[in-house]
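In what follows, chains carry the letters A, B, and so on, assigned in the order in which the sequence lines appear, proteins first and then strands, with residues in each chain numbered from 1.
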Amino acid sequence: MPELPEVEVTRRGLAAPLRGARVLSARLGKPLRRPLGCPAAALVGATVGDIVRRGKYLWLPLSQPDGGLLLHLGMSGSLALLAQAGEPGPHDHFDLVTDRGTLRLNDPRRFGAVVWSASLHEAPAATLLARLGPEPFDPALTPETFHASLHARRTPIKAVLLSGEAIVGAGNIYACEALFQAGIHPALRADRLSRPRAARLLAAVRGTLARALDVGGTTLRNFTDVHGASGAYQAEAAVYGRAGAGCLRCGTLVRRIVQAQRSTYFCPTCQRR
DNA sequence: AGTTAAACCTGGTTGC
DNA sequence: TGCAACCAGGTTTAAC
């Protein structure tokens, strides 16, 4: 599913075309993870503002009626902007028809969400965003503050990265890749990371996310950008999905373990406790 | 309070 | 070939 780079790729594809678009109609398919929270017809007539991203969420502001839609792509979601929208398929669960095209959410597993909120700063949107940690490229996130937040956690560093409390945006692929880049064993307790290693990990998370953004994200099976194009990062993953294959750096066989019910891939030689 | 399982869904792949 | 088991870019909720 979409991690931060994929969501940001999506945002960049939508922002300019949809800015100022007028909502003509909306259609709901099968239920998503949570209900829209308003009748689809209530969106008609609204004007779309500047789409912003927070973590893996997108906020699509609307005016007249004022409010907005908080979108999440879950594990298997993608958004397309269609000039001519055909009949919705079995996994097309939300259409926002505008005078600039139809924004269509396709999500086979339906872990995604489209939620109406009167503003980003009140429920339900604010509630959903409340537990998110700092944005990875926020200059206020320094090696010192990152190290301090890791110091408060006794769980494995991989699980802490996935939780998004210390930094948002890295999901299962990029958490594995960043730990490899930083040479850190995924099972190392977060509070055992030294300051220099925390600094190295922060740089690795930023570098991994930035690189993925540059190449359009990762496409394992579902994800495409708003024009239907796949990402390319999967071709350069060093450890993710490579269990049993040789480490690209040292040749040791990449291992797969399970942490917090998720697969973790790592090189036991390059990544040390 | 802090950590860990279970839950939500569908579909593709693997293995007997 | 058939079918069961397992796996998948995430997050919330319930339970130790």
Side-chain angles (χ1 to χ4, degrees), chain A residues 1-11 29-35 53-58 70-79 89-94 105-115 123-133 136 149-179 187 189-191 205 208-209 211-213 215-225 229-237 239-244 256-265:
Chain A
M1 136 35 194
E3 302 182 38
L4 184 145
E6 293 74 34
V7 177
E8 178 62 19
V9 163
T10 300
R11 188 198 68 78
K30 287 187 185 175
L32 293 165
R33 186 163 179 67
R34 34 186 84 248
R53 180 192 54 73
R54 175 74 176 98
K56 299 168 191 170
Y57 285 93
L58 290 177
L70 191 67
L71 299 102
H72 198 286
L73 301 180
M75 286 279 258
S76 55
S78 61
L79 287 165
H91 303 307
D92 293 327
H93 303 304
F94 180 74
L105 173 70
N106 180 276
D107 185 4
R109 292 178 71 181
R110 290 193 279 134
F111 288 174
V114 182
V115 178
T127 311
L128 292 169
L129 301 181
R131 51 174 72 88
L132 297 185
S149 65
L150 294 185
H151 200 71
R153 299 298 311 272
R154 312 168 140 260
T155 42
I157 183 61
K158 160 74 179 335
V160 172
L161 286 179
L162 278 189
S163 79
E165 291 168 55
I167 185 169
V168 294
N172 210 30
I173 297 176
Y174 303 122
C176 290
E177 294 299 313
L179 285 167
R189 270 171 50 162
D191 62 348
V205 172
T208 302
L209 295 178
R211 172 62 189 161
L213 249 177
V215 299
T218 298
T219 298
L220 292 186
R221 68 171 51 106
N222 296 301
F223 177 77
T224 62
D225 69 16
S230 295
Y233 189 85
Q234 64 279 3
E236 45 190 277
V239 287
Y240 184 84
R242 299 192 63 246
R256 172 185 177 273
I257 60 175
V258 175
Q259 297 178 286
Q261 308 172 117
R262 308 295 300 277
S263 290
T264 297
Y265 300 88

_A:L73 CG to C:dG10 P, straight-line distance once rounded to whole Å_ = 11 Å

*Counting side-chain heavy atoms from C-beta on, which of B:dG11, C:dT12, B:dT3 comes nearest to A:R221?*
B:dG11

_Without decimals, in angstroms, what is the distance between A:F223 CZ and C:dG10 P?_
13 Å

*Which listed nucleotide (B:dT4, C:dT12, C:dC7) is nearest to the side chain of A:T155?*
B:dT4

*Report the residue (A:R109 or A:L128) whose heavy-atom-nearest nucleotide on DNA chain C is the more 5′ of the two.*
A:R109

*With rounding to whole Å, what would you report as the distance between B:dC9 and C:dA14 at their P atoms?*
15 Å

*Does a nitrogen or oxygen in the side chain of A:Y265 sit under 4.0 Å from OP1 or OP2 of C:dC7?*
no

*Would you indicate which nucleotide in C:dG10, C:dT12, C:dC7 comes nearest to any side-chain atom of A:S263?*
C:dC7

*asked:* In this structure, how many angstroms lie between the P atom of C:dG10 and the CG atom of A:L129, rounded?
replied: 17 Å

_Counting only side-chain heavy atoms from C-beta out, which of C:dT13, B:dA7, C:dA8 sits nearest to A:R256?_
C:dA8

_Without decimals, in angstroms, what is the distance between A:R131 CZ and B:dA1 P?_
15 Å

*asked:* I'd like to know whether A:D107 forms a side-chain contact (heavy atoms from CB on, under 4.5 Å) with A:F94, so could you lay out the CA-CA distance, the side-chain angles of the two residues, the decisive distance to 0.1 Å, and finally the verdict.
replied: CA-CA 9 Å; A:D107 185 4; A:F94 180 74; over 6 Å; no

*State the pairing partner of B:dC9; accept Watson-Crick or G-U wobble contacts with both distances under 3.5 Å, and report none otherwise.*
none

*Contact class for A:R262 vs. all strands (heavy atom < 4.0 Å): base, sugar-phosphate, or nothing?*
base

*Side chain proximity check, A:I173 to A:E3, heavy atoms < 4.5 angstrom*: yes

*For the residue pair A:T208 and A:E177, confirm or rule out a side-chain donor-acceptor distance under 3.5 Å.*
no

*Take atom CG of A:L220 and atom P of C:dG10, then tell me their distance rounded to the nearest Å.*
10 Å

*If you measure from CG on A:L79 to CG on A:L105, what distance do you get to the nearest 0.5 Å?*
5.5 Å

*Which of the following nucleotides, C:dC7, B:dT4, B:dT10, is nearest to the side chain of A:R110?*
B:dT10

*For C:dT11, take OP1 and OP2 only and decide whether either is under 4.0 Å from a side-chain N or O of A:K56.*
yes

*asked:* Let's see if you can work this out: which of B:dC9, B:dG11, B:dA7 has an atom nearest to the side-chain heavy atoms of A:F111?
replied: B:dC9

*Just how far, in rounded Å, is C1' of C:dT12 from CD of A:E165?*
13 Å

*Heavy-atom donor-acceptor pair, A:R154 side-chain to B:dT3 base, under 3.5 Å*: no

_Nearest listed nucleotide, side chain of A:H91, among B:dT10, B:dT4, C:dT12_ = B:dT10

*How many Å lie between OH on A:Y174 and P on C:dG10, as a whole number?*
10 Å

_Once rounded to the nearest 0.5 Å, what's the spacing between atom CZ of A:R33 and atom CZ of A:R109?_
11.0 Å

*asked:* On the nucleotide C:dT11, are OP1 or OP2 found under 4.0 Å from the side-chain N or O atoms that A:R34 carries?
replied: no

*Describe the nucleic acid contact of A:Y233 in one word from base, sugar-phosphate, nothing, applying a heavy-atom distance below 4.0 Å.*
nothing

*Given side-chain contact (heavy atoms from CB on, under 4.5 Å), test A:L32 with A:R110 step by step and report yes or no.*
CA-CA 5 Å; A:L32 293 165; A:R110 290 193 279 134; 4.1 Å; yes

_Expressed as a whole number of angstroms, how long is the span from A:N106:CG to B:dT10:C1'?_
12 Å

